[in-house]
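These notes are about the structure you will find just below.
First the proteins, then the strands, lettered A, B, ... as listed; each starts at 1.
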Number of protein chains: 2
Amino acid sequence: MELTTAEENYLKAIYHLSDGGKKSVSTNDIAAEIRTKPASVSDMLRKLGEKEVIQYRKYYGLQITPLGMRLALQTIRKHRLWEVFLVDKLQFAWDEVHEVAEQLEHIQSPLLIERLDAYLNYPKFDPHGDPIPDAFGDVRSRPRIALNEMGIDQSGQIVAVKDSSPEFLRYLDKVGAYIGARIKVLDKVEFDGSIEILVDQKKNLFMSKEVAKNILILTL
Amino acid sequence: MELTTAEENYLKAIYHLSDGGKKSVSTNDIAAEIRTKPASVSDMLRKLGEKEVIQYRKYYGLQITPLGMRLALQTIRKHRLWEVFLVDKLQFAWDEVHEVAEQLEHIQSPLLIERLDAYLNYPKFDPHGDPIPDAFGDVRSRPRIALNEMGIDQSGQIVAVKDSSPEFLRYLDKVGAYIGARIKVLDKVEFDGSIEILVDQKKNLFMSKEVAKNILILTL
DNA sequence: AAATTAAATTAGAGTTATCTAAAAAATAAA
DNA sequence: TTTATTTTTTAGATAACTCTAATTTAATTT
């Protein structure tokens with residue numbers, strides 16, 4: 001089964017929006033994610049249906065097939081491995097990698113990915129803390145909750161971010177919140193959901209709910 | 001100036017076939033090189049002419065413009081840097097790199113290429129001995145002649161190969177002819193142009209003219 | 001110089017992916 | 001439960017790249 005670059009991008013978007021096949025996804029959602037028009041999405045869904053990577057009944061909705069799942073995970077694996085390469089080997093900052101990885105993920109060469117994986121020492125997570133599927137598509141995911149859902153005095157470790165936009169990542173750099181940091185919730189403001197945390201037992205950090213929602217924590 | 005992947009491939013082919021803008025190139029030659037039909041080439045030449053990367057007068061021929069030269073060299077630079085990466089870092093054999101580099105060369109990211117170049121320690125030649133243009137498109141080319149053009153008793157060093165097909169490169173691996181090897185011409189057969197050489201002062205090697213033509217030597 | 005052959009180009013059509021505008025179906029509201 | 005709204009799909013165009021078949025131009029041969 002061979003997918004075009006566009007098809008891979010749609011499938012990846014569907015995988016992400018459906019949270020790995022769990023939630024249902026709308027045509028409009030996909031259009032927004034891919035930054036295209038709903039009409040284009042409809043057309044592509046028909047094609048993806050014909051290729052049997054999704055099961056599609058028009059007006060009703062879609063479901064990723066096991067084949068589609070496998071292919072989506074393959075693309076995600078490639079994307080995240082390239083991100084690790086860019087950060088670990090080429091000194092990219094974590095907010096600079098997405099766009100380039102978006103291109104690199106479409107390179108077709110199983111040998112290349114095998115070798116890259118080995119060269120990087122079989123990393124389990126990308127620079128944003130997202131798990132890298134192995135060659136069989138298996139994902140070692142850690143149970144994690146958004147920072148805004150933690151209670152006062154609860155402790156944990158930042159393991160990933162939900163939003164990977166350069167704007168958000170640069171903000172985190174600025175305030176010193178990085179993946180791996182130990183944190184403890186000091187206070188929560190009921191009114192607006194903002195939160196105060198202690199980072200690495202030495203630095204107080206105050207942030208809005210909007211920010212906290214995009215920081216994922218492994219609780220201790 | 002932005003070129004599509006297809007345009008980059010055509011421009012690269014034109015650059016190679018014209019020997020860097022020296023020789024004239026025919027529509028048929030380009031079609032053969034790109035493995036496409038002459039009709040497609042005509043169409044593309046018109047487009048490349050409009051984009052002013054070549055000067056094109058139909059039925060007469062074409063000439064690369066300085067702009068086209070710069071863009072072609074940029075693509076070649078990327079191709080060869082990726083080849084070095086694949087061989088030096090990912091343990092690819094020199095006959096396995098071409099196809100993958102053909103894809104990687106189209107990744108658009110100036111930062112990526114800068115960083116890759118630095119990471120590889122600013123290599124001057126790719127695994128086949130071809131010079132890598134620097135960021136300004138300057139090429140440090142060495143004067144070199146084909147092995148079949150050398151005279152008896154002449155010595156030199158293998159610096160590059162003309163043919164980069166897996167078949168040819170694997171043959172060279174098998175007989176122990178590698179880039180960097182010191183060689184000396186022991187005998188030449190007038191009848192068929194075949195040649196006998198001494199490799200690294202210890203190994204005798206007999207080869208056809210067809211093979212010798214594709215081995216490039218830096219004479220001492 | 002006319003006729004033949006070879007090379008290059010145009011015409012017309014197909015594929016992939018996109019769009020706008022219009023129509024159809026499903027959902028929400030009155 | 002009819003009406004209104006939102007969502008989704010189809011219809012028809014466009015752009016990039018390719019092809020086959022037909023035509024035009026250039027080069028060769030007689």
Side-chain angles (χ1 to χ4, degrees), chain A residues 1-15 17-18 23-64 68 71-72 75 99 102-103 105-108, chain B residues 1-15 17-18 23-64 68 71-72 75 99 102-103 105-108:
Chain A
M1 256 293 296
E2 297 278 292
L3 296 185
T4 66
T5 292
E7 287 167 343
E8 281 186 353
N9 284 335
Y10 274 92
L11 197 55
K12 198 162 54 103
I14 291 167
Y15 180 88
L17 290 170
S18 70
K23 291 189 229 164
S24 77
V25 193
S26 78
T27 301
N28 274 339
D29 289 348
I30 299 170
E33 175 86 2
I34 309 259
R35 276 191 244 322
T36 181
K37 299 290 177 244
S40 311
V41 176
S42 279
D43 214 55
M44 184 56 96
L45 291 182
R46 191 183 43 73
K47 279 193 263 180
L48 292 177
E50 280 168 14
K51 292 208 171 183
E52 300 187 324
V53 295
I54 64 173
Q55 212 182 349
Y56 175 56
R57 281 182 53 213
K58 55 188 188 180
Y59 293 110
Y60 270 78
L62 63 91
Q63 187 146 22
I64 309 193
L71 295 173
T75 306
E99 218 192 329
E102 206 65 19
Q103 297 180 59
E105 73 187 5
H106 300 295
I107 303 289
Q108 303 284 1
Chain B
M1 255 294 296
E2 296 279 292
L3 295 186
T4 66
T5 292
E7 287 168 343
E8 280 186 353
N9 284 334
Y10 274 93
L11 197 56
K12 198 163 56 108
I14 291 168
Y15 180 89
L17 290 169
S18 71
K23 291 188 227 165
S24 77
V25 193
S26 79
T27 300
N28 274 337
D29 289 348
I30 299 170
E33 176 85 5
I34 309 259
R35 278 194 244 316
T36 181
K37 299 291 178 242
S40 311
V41 176
S42 281
D43 214 55
M44 184 57 95
L45 292 182
R46 190 183 44 70
K47 279 192 264 179
L48 292 177
E50 280 167 14
K51 291 208 173 184
E52 301 190 322
V53 295
I54 63 172
Q55 213 181 347
Y56 175 56
R57 280 182 53 211
K58 56 187 188 181
Y59 293 112
Y60 269 79
L62 63 91
Q63 186 146 21
I64 309 194
L71 295 174
T75 306
E99 218 191 329
E102 206 66 20
Q103 296 180 61
E105 74 188 4
H106 299 296
I107 302 290
Q108 303 285 359

Verify the contact: side-chain N or O of A/Asn28 to OP1 or OP2 of D/dT6, cut-off strictly under 4.0 Å; return yes or no. no
Should B/Thr36 be listed as having a side-chain N or O under 4.0 Å from OP1 or OP2 of D/dC17? no
Taking B/Ser18 for its side chain and B/Ile14 for its backbone only, find out whether a donor-acceptor pair lies under 3.5 Å. yes
Check the phosphate of D/dT9 against A/Thr27, side-chain N and O only, distance under 4.0 Å to OP1 or OP2. Yes or no? yes
Do side-chain atoms of A/Gln103 reach the backbone of B/Gln108 as a donor and acceptor pair under 3.5 angstrom? yes
Are A/Tyr10 and C/dT16 close enough that a side-chain N or O sits under 4.0 Å from OP1 or OP2? no
Using 4.0 Å as the upper bound for N to carboxylate O, is an ion pair formed by B/Glu102 and B/Lys12? yes
Between CZ of B/Arg35 and P of D/dC19 the distance, given in whole Å, is 12 Å
Side chain of B/Tyr60 - closest among D/dT9, D/dA26, D/dT8: D/dA26
Over how many whole Å does the gap from A/His106 atom NE2 to C/dT16 atom P extend? 17 Å
Side chain A/Thr36, main chain A/Ala32, donor-acceptor under 3.5 Å: no
Going by side chain to side chain contact (heavy atoms under 4.5 Å, CB included), name the residues that satisfy it together with A/Ala6, two or more places apart in sequence or in a different chain. A/Thr4, A/Met44
Looking at B/Lys47 and B/Glu7, is there a salt bridge between them, counting it only when a charged N and a carboxylate O are closer than 4.0 Å? no
Quick tally for nucleotides 10-16 of chain D: nucleotides whose base has a protein heavy atom under 4.0 Å get B, sugar-phosphate-only ones S, the rest -, giving B-----S
Side chain of A/Met44 - closest among D/dT18, C/dA17, C/dT20: C/dA17
Atom pair distance, as rounded to whole Å: CG in B/Asp29 and P in C/dA6: 16 Å
Integer-rounded Å distance: D/dT18 P and B/Leu45 CG: 12 Å
Could you state the CG-C1' distance from A/Leu48 to D/dT9, rounded to the nearest angstrom? 16 Å
Measure CD1/A/Ile30 against P/C/dA17 and give the value in whole Å, please. 15 Å
Let's see if you can work this out: which of C/dA8, D/dT9, C/dC19 has an atom nearest to the side-chain heavy atoms of A/Lys37? C/dC19
Is A/Glu50 paired with A/Arg46 through a side-chain N to carboxylate O contact shorter than 4.0 Å? yes
